[in-house]
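Below: the structure, in structure tokens.
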Amino acid sequence: MPKINSIAPAGVQVNNFHNNNNNINNISIEFKATEPTITIKKKHKLIEGKISLRFLTIVLISIIILCCSLFIWLSSYLTSVRALNYFTSKIVDNVNEIVITALNEFLKPFMSVTRNMGNDWNNGVVDPEKNIRKYLFYKYKDFKTFGAGYYIGENNQSELMAYLESYNNNNIVLHWIEQSFENKDNFARLYLCDKSNGSNLQLVLKEEFTTSTQNYYKRSIELFDKYPQLNGVFAEPYVIEGNVAMHYSVRIFNQSLYDTKKQFIGIAKIDISLKGIQQFLSQITLQTSGYVLVAEENNLVIGGSINTTTLDNKGRLSLFDITDRNAGQLMKDIYNKYKSFNQLPYTLVISSEGIEYTVSHKTYTLENISWRIFIVTREMNYEMILSSSVSGGVAFVCILFGFIASVLVGTWITSPLLFLEKQFETIRDLSFEKIQFTRSYFKEVNNIYKNLEEMVYWLQEFKTFLPENVVTQLSEINERQTLAPKFDTLSIAESAMSVLEEERTTTALFKLGLHIKYCSIIYVRLSNLLTDFEDLVNLFGKIIAVTGTITKILQADIQILSVDEFQILFSSSHQLTSSKALTAALRISKSIDGLNEAGGSNIIYSIGVSSGQAHIGHIGTQHIRFFGVIGENRIIARKLSYLAGFLQLKILVDEPSLTSEFVARPVDKIKVNKNEEIQTVYELIKENNVEVDEWMYELEEHKLNQKFKYFQEAFDVLTSYEVLDENELLSRLEKSYSILKDHLHTVPEDRLVTTRLMDFISSLIERMEEGESFESIRKRLAEHHSDLSISWKTFTNFLDTEMVVQELK
């Protein structure tokens, strides 16, 4: 593949000059700054510092003696009532969802298989004279139906072929029934079949048969006429040998005329046993006396968690005839009160035979069926709760009164000290904006609060002179102390003192030395900032202002390397560090774009982001030190920023930095470490945080998301080639080249990235067509990457340099 070279406009010129003592003495530096104004909001109280702490303690104990019993009992009672109501409501809602989900999971598979049977018939997949029997047997066996078949009864025809289950001495046997498509006679033949393979064992019955007169067929036709918008319908449940079943039917049409004219000739039908639903409902337990019922609109019960069958267990009951747990009488009372089940609220409370019940009612609908779901629970006896709470509360108050009183008094007295402790912890973190200022009724404490305000004011002044990495390290020291085990106030104080003592013995709070940490580094390069010196101060100030704000919010450390290059360091947990770095990169990009739009400037920038292990810490002496970051990811971030500038992209990130919270697309592959590992490089596009209800924003962003969709598909050939054989690889390469060609036409501004990938894929296709071995092609795919290097060139001026971004084969 040909090399693509580009020299970025990043020259550095060093001019010689001479200074002497006279020149140095004549230098004057003038600083102009405005004094910061700090406004502290104070809450003034009318009698601050006038009340005696001892007097208040005596009054407080007297009030506690009179009120604590009442308050404890009242809170116990109210909490118990609310908790019981809340948990009962949640249980009912969960049971409703469980029942509806179970009904869907049971019925919908049968709907799907019946529709497939209809589609296979209409499209000629099923041949009545060749494969229909084998086809129906596997539908019956695989989906465990009660029966499966085709029934033709229109246009004076009477034909059927079906497998049906029946009961013989409480044993399930399989039959094959057919009114032959070949003989075309009026006799239906019923055979006993082998359940393992569906073959006939013996002829059981032969009699005249007319499909159109059968009840199930006529009922299906009636339901199709009633619901013409539905392709399939459920018939009403029926009882066979003590088992409740129902069937689902779909229309079938004349196969030979289906493409030109849909001539209705009959139905495809699946018979479904509802025993599975009944068994599931019988296993539901709801409190100690609650239960669930599922019934049709005609009030016949489908099943429930109580006994819903007749005494001989072979018939069905109406809701009003259930005797178990007074359910029938309860349903009668509900029906009589509301005159119909159609007008029931979601939840109602009703009394039946002296017992209070809470009843939840919900309607389950699927296709043409509409079933009622009743969830019944008994109301709690709040008088019992009341009496037990009172007696328990009185005993509790008598035994623990002294302890409670001492705790309350001690809490009141020590609350100012606890408040001061929290404020000093905040001061230790240098988070002065979080400090709260208040006033106290106690004179002594009020004086302490005033001194605290003065101290914080001066500390705020000092903080502005601290470097950002110092503030960051102070936060890390605080995190280490926070993660230490905490048991009580004494242990906290001892832990803090031990940390301070350790720091003192090591001669410095910020010790010299490097530590290995996982970090993310953003490298920002401003390509053309040095071309206009007149506006340099203004532009640089604006860029650093917005970048500094972003880094403070995201708790990062910014290091200015030169006027046109700076890096930002994030160090924390792996995922949090990468997410913060990518967020910061997007915000910096957006801010610079905003400056370009608002100020009419044309700042060209490129950003690289890399994550990994690095050596971080202070190096130098006790008097002069530098906060350094040493690691491969810093070099990668810098190279990525140059590569982004070469490719005319804004942000490039490596694989370890990318998380699912962001939208990105691959653009290239590079070597990232001493082991020469090849890694994919991604262009960062945006955050993936669109809310569900922000449909207008999603619509506007659709083009951006679709913009590189096909590019991603074309790039995948560079990573998924290992699972492809030679023919598949050639096909994928040709398809990728075609996609990139269309992408280049659709998105011409993506020319640099697209043409580089097209050239590489084109060379592979040519090599494969010329007969190069498959292993050689795969090796080229495995080793494909871009290599970034710095080239120095010497000119007549002293130390002029240029950065070269170079792609190698």
Can you check whether Ile588 reaches Val546 side chain to side chain, under 4.5 Å on heavy atoms?
no
Is there a donor-acceptor contact under 3.5 Å linking the side chains of Ser786 and Arg756?
yes
Quick check for you: to the nearest 0.5 Å, what is the distance between Leu684 atom CG and Leu658 atom CG?
7.5 Å
Rounded to the nearest 0.5 Å, what separation is found between the CD atom of Glu632 and the NE2 atom of His615?
12.5 Å
Listed by chain and number, what are the side-chain contact (heavy atoms from CB on, under 4.5 Å) partners of Lys735, not counting sequence neighbours?
Glu713, Ile739
Note: Thr754 and Asp750 closest approach over all heavy atoms is OG1-O, 2.7 Å
Can you name the nearest heavy-atom pair linking Ile604 to Asn528, along with the distance?
N-OD1, 2.8 Å
Report yes or no: is the cationic atom of Arg634 (NZ for Lys, CZ for Arg) under 6.0 Å from the centre of the six-membered ring of Tyr523, at an angle within 45° of the ring normal?
no
By side-chain contact (heavy atoms from CB on, under 4.5 Å), Ser762 pairs with (sequence neighbours left out) Tyr737, Glu766
Which heavy atom of Leu514 sits nearest a heavy atom of Gly628, and at what distance?
CD2-O, 4.5 Å
Show the numbers, then the answer: is there a side-chain contact (heavy atoms from CB on, under 4.5 Å) between Leu764 and Arg780?
CA-CA 8 Å; Leu764 292 180; Arg780 292 180 184 275; 3.9 Å; yes
Derivation and outcome, side-chain contact (heavy atoms from CB on, under 4.5 Å), residues Arg665 and Val753:
CA-CA 11 Å; Arg665 60 113 179 199; Val753 177; 4.2 Å; yes
Do the side-chain N and O atoms of Tyr605 and Asp593 include a donor-acceptor pair separated by under 3.5 angstrom?
yes
N/O donor-acceptor pair under 3.5 Å between Ser606 side chain and Ser641 backbone
yes
The test is side-chain contact (heavy atoms from CB on, under 4.5 Å); show your working for Thr551 and Thr549 and say whether it passes.
CA-CA 6 Å; Thr551 55; Thr549 302; over 6 Å; no
Ser527 side chain reached by Arg525 side chain, heavy atoms, under 4.5 Å:
yes
Distance (rounded to the nearest 0.5 Å) between Leu752 CG and Gln648 CD:
4.5 Å
Looking only at the side chains, is there a donor atom on one of Gln679 and Glu655 sitting less than 3.5 Å from an acceptor on the other?
no
What pair of heavy atoms forms the shortest contact from Ile550 to Ser591, and how long is it?
CD1-OG, 3.8 Å
For a 4.5 angstrom cut-off between non-hydrogen side-chain atoms, does Phe570 reach Ile521?
no
Check: Ser589 side chain, Ala585 main-chain N or O, donor-acceptor pair, under 3.5 Å
no
Does any non-hydrogen side-chain atom of Leu729 lie less than 4.5 Å from one of Leu733?
yes
Decide yes or no for Ile592 and Leu526: does some side-chain heavy atom of the first lie under 4.5 Å from some side-chain heavy atom of the second?
yes
Do you know which two heavy atoms are closest between Ser657 and Leu582, and how far apart they sit?
O-CD1, 3.2 Å
Ile607 versus Leu652: any side-chain heavy-atom pair under 4.5 Å?
no
Answer whether the closest heavy-atom distance between the side chains of Phe566 and Thr547 falls below 4.5 Å.
yes
Between Gln559 and Leu569, is there a side-chain heavy-atom distance shorter than 4.5 Å?
no
So which heavy atom on Pro666 is nearest to which on Phe711, and how close?
O-CE2, 2.9 Å
Rounded to the nearest 0.5 Å, what separation is found between the CG atom of Leu744 and the CG atom of Leu757?
11.5 Å
Can you check side-chain contact (heavy atoms from CB on, under 4.5 Å) on Tyr518 and Ser571, steps first, answer last?
CA-CA 6 Å; Tyr518 187 91; Ser571 60; over 6 Å; no
Would you compute the distance between atom NE2 of His785 and atom CD1 of Ile670 and round it to the nearest 0.5 angstrom?
9.5 Å
Test item: side-chain donor near acceptor, Asp654 and Ser610, under 3.5 Å
yes
Calculate, to the nearest 0.5 Å, the distance between atoms CZ and CD1 belonging to Arg732 and Ile761 respectively.
9.5 Å
